Structures are given as C-alpha cells and as structure tokens.
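Scope of the values below: all heavy atoms of this structure, side chains included, with no hydrogens, waters or symmetry mates. Residue numbering restarts at 1 for every chain, and letters A, B, ... go by the order of the sequence lines. Just so it is clear, the model here is predicted, and its values are computed rather than measured.
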Amino acid sequence: MENLIIEATKSSPSIRLDAQTRILEIAGESYPENASNFYAPIFAWIDLFLNQSISTPVTVNITLRYFNSSSAKALMDLFDRLEKAHADGTPITVNWRYHEENDSAMECGEEFKEETQYITFNMVGFNDDDC
Amino acid sequence: MSKKLWFKGFLLILAVISVCSLAFSLITIPLTRQITYRMSEQSATAALDRVTDLVTTTHQEIESYRHTAQEAKKRELKDITDIGGCFIQLQYDAAKRGEISEAVAQQRAIEGMRMLRYGKDDYLWISDFSSKLISHPDPKLFGADFSNIRDVNGNLIVPPMVAVAREQGQGYTSYWWHRLEHNEPSEKLTFSKLFEPWQWVYGSGVYTDDITDEVNLRRDALIGRLRTLMGRITIARTGYMYIFDDQMKMIIHPNPQMEGKNFAEVPNPRTGKPLVDELIRAAESGKPQTYLWDRPQEPGHYVYEKISWMRYFPEFKWYIGSSVYTDDLFEQSRALTTRLILIAIATFLFSLALGTLVIRRFLRPIEHLSTVAHRVRQGEAKLRSNLVRNDELGMLSKEFDHMLDNLDDMIENLDIKVQEKTRELSRQYEELDFANNEIKASIQYARRIQYAILPGKDTLPNGIRDHFVIWKPKDIIGGDIFWLHKQGHRFIAAVIDCTGHGVPGAIMTMIANMALNRVVQDVSDDDPSAVLKELNRLVRISLGQHIPGSSTDDGLDVGLCVVNPKDRTLIFAGARIGILVTEGDMVKEIRGDRKSIGYRTSNPDHIFTNHRLALEEDAAIYLTTDGIFDQAGGNRRLPFGKRRFVEILAAHNKETMSMQKEAIEQALTTYQGSEEQRDDITVVGFRL
C-alpha cells in the first residue's frame with residue numbers, strides 16, 4: 001500500500017508512515033485546533049496497514065516536543081490500536097524519543113508506557129549532540 | 001532619444017567615401033607627377049629634336065654649299081691653271097717649232113703667267129722642282145726659295161704642291177696664311193700642275209675664306225634662326241634650350257650675359273664638379289642631368305634645381321641642351337594635384353551630403369517607429385505609427401500598429417476584469433473586516449463575562465495573608481479559570497483547565513464554574529474527593545457525554561484544595577492538576593490523579609485521592625494549570641517545564657507574593673521570547 005506522508009505545520013507534526021519498511025514516524029509538535037480531524041486519516045491508514053502482513057514487526061518512532069490534551073487523547077487512541085495489533089500477533093515496538101531537558105515529554109511518555117501492557121515501549125532520551 | 005542609427009549610417013558613408021577619396025588621391029597624385037615629368041621630358045626631347053633637325057638640315061645645307069662652293073672653286077682653279085698651262089704649252093710649242101728659242105719661250109711663259117690675273121687679284125705662279133718660285137707677280141717673291149717656308153700651322157707650303165704635281169701630274173693642296181685684312185689665318189686652296197719638259201710646276205691658289213665666311217655667315221644665320229626658334233620654345237613654362245660648343249663657349253642662351261661666356265669653370269653647385277663635364281657626359285649617355293642654376297630673374301643665385309637633356313651635334317661640335325626648372329616642372333603637376341584634391345574633396349563632400357540625405361530619408365520612418373514605441377511605453381496608449389509605404393517598413397508599421405491595437409484591447413479587457421475583481425475583493429474584505437470586528441468585539445465582551453465569574457478582590461478569604469494571581473488566556477478568553485469559595489473560616493481554592501482555549505474553552509469554563517458552584521452547595525464543601533467525583537458526573541451529564549455515541553468529548557482538569565487557616569490544614573485532590581507547597585526551603589509537589597473530569601471516557605465512579613497536609617508557619621501554596629509548563633521557548637524551543645517553574649518558586653521563596661509573581665512573569669517572558677503563547681496560563685499563589 002502507499003505510504004502516508006504529511007508535512008509538518010506550525011501546530012501539527014510530520015507524519016511518515018512507510019508500508020515497505022514498516023516504520024511509522026511522528027515528529028514535531030501536535031496542537032492542531034481539531035485533533036480528531038487531523039489524526040483521522042492516520043488512524044485509517046494504520047488500521048488498513050495493521051490488517052496486512054500480520055506478524056511482521058512494526059516500529060513506531062514518536063518524537064514530540066509538545067502536544068496538547070486532545071493530541072494526547074489521539075495518541076492514546078493510537079496506542080490502543082497498537083496494543084490490539086500486538087495482541088493479535090504483530091510485534092510492535094514504540095520508541096518514545098524526547099530531549100533530555102524536556103520533562104513534560106518524558107513524563108507523558110512514562111504515563112503512556114504505564115498505560116500500555118503488551119507493546120514494547122522504549123523511552124529514548126537524546127540531547128543536542130544527537131539528531 | 002538616441003540617434004544611433006543615423007550616426008552609424010553617417011559614419012559608414014563617411015568611411016566609405018574617405019577610403020575611396022584617399023585611394024583615388026594616393027593613386028592619381030603620384031601618377032600626375034610621373035606624367036608631368038614624362039610630358040616635360042617629351043617636350044624637352046621634342047624641342048631637342050626640332051632644334052637638332054634644324055641644325056642638321058642647316059648643316060647639310062652648309063656642307064652642301066661648302067662642297068659645291070669648294071668644288072666650284074676647285075674647278076675654277078683647275079680651269080685657270082689649265083689655261084696657264086696652255087699658255088706655257090703654247091710657248092713651248094712655239095719653241096719646239098723653232099719660231100722662238102727655248103729661253104725666249106720660257107721668258108715669255110714666265111712673263112705671261114705673271115701678268116695673268118683673275119678674280120680679285122688672283123694669280124698664277126710657277127715653281128721649279130726645288131720649290132724656287134720662277135714666276136710670281138709679287139716682285140719680292142719672284143725667285144724666292146720656298147723650300148723651307150712654312151705656313152701658320154707649321155706646314156711647308158710649296159714643296160707639297162710640287163710633290164703632288166710631280167707624283168700625280170696635278171693636284172690640290174692647301175695652306176694657311178695670314179691675310180692682311182683678316183684677324184684669323186685663312187686657308188688657301190691651290191691647284192698645281194706639272195710641266196714636264198721644263199721641269200716646271202705651275203698653279204694657282206684662292207683663299208677659301210670667302211667660302212669659310214659664307215659658311216660662317218650661314219652658320220651665324222643658323223644660330224640666329226636657332227636663337228629665334230629656341231627663344232620661342234619654352235618647356236614647362238620656364239624651361240629653355242641652350243647650345244654650347246666643345247670650347248665650353250655658350251653659343252645660344254636666353255640669358256644674353258651667358259652667351260659667349262666660357263663656363264668651363266662653372267661648377268655644378270650640387271656636386272662641385274664642372275657642370276659642363278657633367279652635361280657633356282649627359283649628352284653621351286642620353287640621360288638627363290640634374291644641377292642647380294639661377295633664374296633669369298635672379299642671376300647669380302644658383303639655387304634652383306634644373307634638369308637638362310643633352311644632345312651632341314658632332315659636325316658643329318655643339319652640345320644642345322633642353323632644360324627645365326624642377327620646381328616649375330612639378331609646379332604643373334602640383335597644380336594638377338591641387339585640382340585633383342579639390343575635386344576629390346568636392347566629390348567627398350557632395351557624396352557625404354547626398355549620402356546623408358539618403359540615409360536620413362531611409363531612417364526617418366525607423367526613427368518614427370522607434371519614437372512611437374517609446375511614447376506608447378511612456379503611456380500614450382492610443383498612439384500609432386501610421387506609416388503608409390509599399391515597402392517592408394510600411395509592413396512593419398502596419399503590423400506594429402495592429403499589435404498595439406491588440407495590446408490595447410487586451411489591456412482594456414484586463415483592466416475591466418481587474419477592476420471588477422478589485423471591487424469584489426474590496427467588498428469581501430469589507431465584509432470580512434466587519435465580521436472580524438464583530439467577532440473581536442464579541443470576544444472582548446465575552447471576556448468581561450468570563451472575568452465577571454472569576455473571584456474578585458472582595459471575595460478574598462481572611463485567612464489569606466498574601467496572594468498573587470496570574471491569569472493569561474491565550475486568546476482574550478480561554479479555558480482556564482480559578483475558583484474560590486468561602487465557608488466560614490474555611491475556603492476552597494481551585495484552578496480549572498477546560499478542554500481547549502478561546503471561545504470553546506470559555507464556554508466550558510462557564511459550565512465548569514456553574515457545576516462546581518452546584519456541587520459545593522449540594523454535595524460537599526469539605527471533601528475534595530467527593531467534590532471532584534460529583535463534578536465529574538455532573539459535567540458528563542451536562543454535555544450529554546454519559547450517553548454512548550455522544551457527539552462531543554470535552555471535559556476539564558482540576559486542582560482543588562480545602563484550606564483551614566485556623567488549624568493550618570489543607571486537603572487536596574486533583575484531576576491531572578497538582579499542588580505545590582513550600583516546605584522549609586523546598587517546594588513540594590503533590591500530584592493529582594491521572595484522571596480527567598467530565599469526558600466521555602471519564603470513569604464516573606472514580607474516587608479521587610484526598611491528600612492531607614499540615615501547613616507550616618510561612619507556608620505558601622501554589623496551584624497552576626499546565627499552560628506555563630507547556631510554554632515553548634528558550635534556545636531549543638522546548639517547553640518551560642515544571643522543573644524550571646519549581647526552581648523559580650524555590651529561589652524566590654522568601655519574597656512577597658507580588659515579587660514572586662514578578663519573578664515568574666519575568667522568567668516566562670524571557671523564556672518565551674518571540675514564541676507565541678501555547679496555552680492559557682493560570683497560576684495562583686497564596687500564603688496563609
């Protein structure tokens with residue numbers, strides 16, 4: 001299936017969902033006025049994607065500097081879908097990437113980690129030397 | 001406007017004509033010199049020819065005359081001598097016949113011969129074989145011995161006469177003698193004959209100087225004629241002819257002072273050598289000789305260059321010369337050259353003028369087109385070139401005008417459309433502007449309403465000694481409020497962060513405010529947990545979110561504390577909002593439950609945790625929404641963060657609340673920089 005690529009804007013993250021490499025990337029900031037509208041096509045794509053080649057591992061890289069509460073809800077939605085897929089046999093690895101000085105991002109990541117049981121949830125800190 | 005084309009054309013014509021004129025001049029002018037020279041040479045040579053012809057003819061005539069005259073004289077001499085001989089023969093014959101004796105015969109012969117005269121005192125003589133004169137009219141010479149007498153040239157006189165008579169019987173001889181009346185010696189022609197029987201030689205002589213005189217006369221006549229002829233001849237205007245002989249004597253010369261002068265010593269001022277030698281050499285070689293001479297008007301000034309062509313006439317030993325003054329020779333060519341140059345210049349100017357005129361005519365329509373194009377561009381949109389011609393320029397003009405017409409139409413159309421569009425846009429803008437202003441006004445008014453529901457200064461509980469409030473909605477109105485309720489000596493303080501910001505957030509704050517008021521009144525005013533649980537239920541129902549499939553999913557986060565200033569106790573419960581309390585020099589955080597209130601997904605049965613605290617003497621209490629934590633800024637555009645906030649509180653711990661507010665606001669402004677405000681910010685701090 002075709003990849004989904006959405007360019008970042010001031011208030012929405014860049015989305016790169018690659019069906020061939022099975023690497024899904026969300027990066028930037030997420031505070032769109034209407035989060036459900038923004039994330040709808042992404043959920044649609046992911047639902048379709050997770051229905052194919054079940055059992056081939058998927059990697060999700062999330063690097064969000066900031067996100068508002070409605071985006072947090074959307075992310076939780078996303079993790080629910082991933083949990084279900086993992087439970088159905090697709091190994092899912094989530095890399096939650098955050099700048100080491102970004103406490104809020106780290107804390108949110110840890111909260112998400114607590115909320116998820118099955119998927120592999122990695123906390124990945126980086127500083128200025130890294131990308 | 002530049003006149004480049006005309007200038008270029010002009011330059012081109014100028015160049016072409018210049019080159020032509022120059023070439024013409026360069027080619028023809030040297031030619032004229034050459035031609036003039038050649039012409040002079042020819043003229044000089046022709047004059048030489050004429051003179052030579054005349055001299056030759058005259059010479060021939062003179063020679064012819066001389067010959068004839070001489071022959072006549074000879075004939076005369078012979079005849080006379082023959083007659084003398086006859087007379088002698090007669091006497092001899094008479095003696096032979098016995099009529100007279102031989103001595104008488106000889107005597108008679110001698111006498112007779114003595115008496116004979118002819119011409120102008122011309123006579124006969126008799127000599128014996130030893131050159132003794134037997135008969136001579138002059139008594140002085142009678143019987144003279146002439147065997148050793150010599151003439152003016154040193155030659156013997158009589159002996160040769162005797163010799164020729166004896167050897168050949170008769171013959172002519174001549175000798176040179178001074179005659180009385182003459183300065184020069186004269187030649188005498190003699191005829192002598194032999195009379196064998198008596199061994200006599202007899203003869204007669206005549207002076208030929210009359211022939212010579214005649215010859216000289218004729219030669220002088222020739223010279224006179226030549227002088228006249230040569231006087232009439234001019235070569236190259238001032239050139240002339242002259243003749244000198246091999247004695248270096250000038251025979252004929254236009255300068256009368258030169259005639260008769262011996263100029264053997266006169267040098268050629270240029271070479272220093274005798275001029276005459278060089279001229280003689282020129283005659284031999286046939287090449288002309290160049291030298292410096294004077295002019296008739298300036299005698300003695302030998303500064304003018306001349307060329308002479310020479311010819312030698314050997315019969316007279318004459319050197320005939322034909323000369324021209326170089327200056328004058330080339331004067332002619334110069335005149336011609338000047339004329340040529342003038343013609344060239346005139347042609348040049350004329351061609352230039354003509355060419356310029358032609359180009360002008362040619363260029364005028366082009367210039368016109370150019371001008372029109374320029375003016376149209378400057379704004380005269382209706383201007384056209386209007387050239388009516390039957391050539392390419394006419395076509396260009398026509399097409400050009402058409403193009404301008406098209407352009408005009410297009411622009412008009414465009415203009416109209418643009419005007420329409422502009423009018424429409426203008427109208428739309430006005431509408432938008434109006435709507436925007438309306439909205440802004442509306443929101444400004446809404447802010448007043450929101451502000452109205454916030455606790456005012458007069459509602460401040462007694463127990464609060466010092467406090468600050470930072471309330472900064474993101475967009476004039478927002479989803480954050482702070483809430484206060486007094487109950488006797490107790491009070492309840494809360495900060496509420498509703499979904500969203502701006503208008504929807506503000507609407508939610510209204511609902512939250514009313515709901516909280518209701519809960520505190522109806523359910524509990526001292527149990528934060530109970531309050532939150534009830535608030536949760538109420539908000540859910542208010543928004544119809546308790547029904548599955550509801551269209552909205554909005555709610556709020558809350559941090560609420562019940563404070564008893566008397567016994568310095570504080571009970572806190574939070575939904576995703578915590579509380580900060582100073583403890584000594586530190587600031588302690590108590591986190592709220594990780595559950596939101598009012599959302600569709602909120603669990604209506606969730607029991608929120610109550611946290612009990614004992615407050616120390618100078619305790620300060622802070623309630624804040626996440627607005628300040630989430631503010632982006634700094635070098636890396638990362639969120640402000642809870643840690644930073646806590647550090648500020650700790651740093652300004654001992655200061656008054658207003659100073660702490662200042663510190664917080666300052667830090668926030670600095671950190672925020674040029675970033676826009678991320679979310680509604682609400683920070684409440686109070687000290688008991």
Side-chain H-bond candidate by donor/acceptor type, A:Asp128 with A:His99, under 3.5 Å: yes
B:Arg537 and B:Glu534 ion-paired at < 4.0 Å: yes
Contact part of B:Gln631 toward chain A, heavy-atom cut-off under 4.5 Å: side chain, backbone, both or neither? neither
Checking B:Arg594 against chain A: side chain, backbone, both or neither under 4.5 Å from a heavy atom? side chain
Could you tell me whether B:Lys474 and B:Asp480 have a side-chain N and a carboxylate O separated by less than 4.0 Å? no
Hey, is B:Glu589 close enough to B:Lys642 for a salt bridge, meaning N to O under 4.0 Å? yes
A:Ser104, part contacting chain B, at a heavy-atom distance under 4.5 Å: side chain
Side-chain donor-acceptor contact under 3.5 Å, B:Ser596 with B:Asp557: yes
Pair A:Phe79 and A:Phe112, ring centroids less than 6.0 Å apart: yes
Between A:Glu101, A:Glu111, A:Lys73, who has the most heavy-atom pairs with chain B when the cutoff is under 4.5 Å? A:Glu111
Check the pair B:Asp554, B:Thr552 against side-chain hydrogen bond (donor to acceptor under 3.5 Å, both in side chains), reporting the backbone distance first and the verdict last. CA-CA 6 Å; B:Asp554 294 303; B:Thr552 61; 4.6 Å; no
Salt-bridged, B:Lys472 to B:Asp680, with N to O below 4.0 Å? no
Residues from residues 82-89 of chain A approaching chain B under 4.5 Å (heavy atoms): none
Determine, for B:Arg576 against B:Asp593, whether the closest basic-nitrogen to carboxylate-oxygen distance falls under 4.0 angstrom. no
If you apply the rule side-chain hydrogen bond (donor to acceptor under 3.5 Å, both in side chains), what do you find for B:Asn517 with B:Trp483, and how did you get there? CA-CA 9 Å; B:Asn517 285 343; B:Trp483 187 92; 2.9 Å; yes
Where on A:Glu107 is there a heavy atom nearer than 4.5 Å to chain B: the side chain, the backbone, both, or neither? side chain
Quick one: do the A:Thr59 and A:Asn61 side chains pair a donor with an acceptor below 3.5 Å? no
Side chains of A:Phe126 and A:Glu100: does their closest heavy-atom pair fall under 4.5 Å? no
Only heavy atoms, only distances under 4.5 angstrom. Which residues in residues 10-25 of chain A are near chain B? A:Lys10
